[in-house]
Amino acid sequence: MVRKKTLDNKGSALVTVMVVVTFVTILATLLLFVATTNYQMKQVDYGNKKNFYAGEEVLDRLKAALIAQVAAAYSEAYDTTIVEYAKYSNPDGFSPAERIAVYNREFVCEFRELFAERAGAENDRLKALRSLLPEEYADAVVGVEDIAYVENAGYIYLTGVRVSYTDDKNYTTQIVTDIYVEAPSYTGEEVLVTKMNSVTFVNWEKQ
């Protein structure tokens with residue numbers, strides 16, 4: 001009697017199962033890695049955006065403080081211009097253009113004086129800017145390159161104002177900008193009060 005041989009597939013089935021399990025494990029690991037990386041990227045992006053808005057808040061507060069400086073400077077400048085105008089026996093001899101020149105000069109001089117008081121004897125521009133802000137925001141202003149006063153045109157130009165904000169998770173955002181401060185428009189007859197538009201950020205850059 002002849003016995004028929006049968007193939008034993010137990011070994012190949014085990015190998016197949018192991019290959020499938022390994023493949024599924026690798027795929028699951030890859031998907032988990034991608035999901036984790038994506039989550040971390042979103043967290044970093046969220047932190048950056050949160051810091052960016054915090055840095056913007058510092059600049060907004062600085063702008064509001066500079067607008068207050070503008071208000072004080074233009075009030076003094078306008079009063080001085082009126083006094084200078086009254087000195088002339090013939091008002092027609094004091095032309096609108098001359099009144100504008102006096103107003104612009106007085107505005108810039110008054111603003112410079114107010115700023116110098118904040119800068120102190122050492123003429124520390126950074127100290128002056130920081131003094132405009134509440135204590136919790138002051139340290140975020142970390143630099144200012146220069147400040148130019150142009151009396152005839154009635155404007156002040158602060159260059160390289162740098163804001164750096166770091167939150168409790170060590171996310172840091174830096175913003176560099178120039179700040180253009182202009183006297184409220186004066187026609188030679190009246191002041192067009194546009195103090196809100198007198199402070200402008202230019203050459204704004206996030207780093």
Side-chain angles (χ1 to χ4, degrees), residues 1-70 115 118-119 122 124-148 155-182 195-207:
M1 185 174 181
V2 181
R3 292 182 178 179
K4 293 183 179 180
K5 294 182 179 181
T6 58
L7 296 176
D8 187 356
N9 294 326
K10 291 182 180 179
S12 62
L14 180 61
V15 171
T16 302
V17 170
M18 291 180 64
V19 169
V20 171
V21 170
T22 302
F23 176 76
V24 171
T25 301
I26 293 173
L27 183 61
T29 302
L30 181 62
L31 290 175
L32 181 61
F33 173 76
V34 171
T36 302
T37 302
N38 187 49
Y39 173 77
Q40 291 174 339
M41 290 175 63
K42 286 184 177 179
Q43 286 295 101
V44 171
D45 184 59
Y46 170 76
N48 286 336
K49 286 181 178 178
K50 181 180 177 182
N51 265 28
F52 170 72
Y53 292 130
E56 274 201 329
E57 183 181 358
V58 174
L59 286 176
D60 287 342
R61 287 179 176 272
L62 183 57
K63 181 176 182 177
L66 286 171
I67 288 172
Q69 293 279 107
V70 167
F115 201 78
R118 294 180 176 276
E122 62 275 22
D124 189 336
R125 295 185 294 267
L126 181 57
K127 175 185 175 182
L129 281 181
R130 284 178 169 177
S131 71
L132 291 167
L133 294 168
E135 186 176 349
E136 63 268 29
Y137 296 97
D139 289 342
V141 181
V142 296
V144 53
E145 290 180 5
D146 198 9
I147 179 168
Y155 73 82
I156 301 96
Y157 198 62
L158 294 90
T159 56
V161 177
R162 183 179 295 271
V163 170
S164 180
Y165 182 84
T166 302
D167 68 5
D168 54 355
K169 295 183 178 179
N170 288 325
Y171 290 110
T172 300
T173 295
Q174 289 199 6
I175 301 173
V176 181
T177 186
D178 298 336
I179 302 177
Y180 178 74
V181 180
E182 185 179 16
K195 296 188 293 295
M196 290 297 293
N197 297 326
S198 294
V199 179
T200 309
F201 296 126
V202 293
N203 301 323
W204 190 95
E205 179 184 0
K206 177 186 175 185
Q207 297 184 343

In terms of heavy-atom contacts, Arg118 and Leu132 come closest through NE-CD2, 3.4 Å
What one should report as the nearest heavy-atom pair of Gly160 and Val176 is CA-CG1, 4.3 Å
Looking at Glu136, I'd like to know if its CD atom is crowded, meaning that more than 12 non-hydrogen atoms belonging to other residues, nucleotides or ligands lie closer than 6.0 Å. yes
Any donor-acceptor N/O pair, Thr177 side chain to Val202 backbone, under 3.5 Å: yes
| message | Is it the case that the side chain of Ser198 and the backbone of Glu182 share a donor-acceptor pair, with hydrogens and angles ignored and the cut-off at 3.5 Å? | response | yes
One should read off an interatomic distance between Asp178 CG and Thr200 OG1, to the nearest 0.5 angstrom, of 11.5 Å
Rounded to the nearest 0.5 Å, the CD1 atom of Ile179 sits from the CG atom of Leu129 at a distance of 6.5 Å
* Do the ring planes of Tyr155 and Tyr180 sit parallel (below 30°), tilted (30 to 60°) or perpendicular (above 60°)? -> tilted
Scanning both residues in full, the closest heavy-atom pair of Pro134 with Arg61 reads CG-NH1, 4.1 Å
Tightest non-hydrogen contact, residues Asp139 and Arg130, listed as O-NH2, 3.9 Å
To the nearest 0.5 Å, atom CD of Glu56 lies from atom CD1 of Ile175 at 5.5 Å
Note: Thr159 and Val144 closest approach over all heavy atoms is O-CG2, 3.6 Å
In this structure, CZ of Phe201 is separated from CG of Leu62 (nearest 0.5 Å) by 6.0 Å
Do Trp204 and Leu59 have side chains that get closer than 4.5 Å, going by heavy atoms?
yes
Exercise for the section: Spell out, as yes or no, whether a donor-acceptor pair under 3.5 Å connects the side chain of Arg162 to the backbone of Gln174. Expected result: no
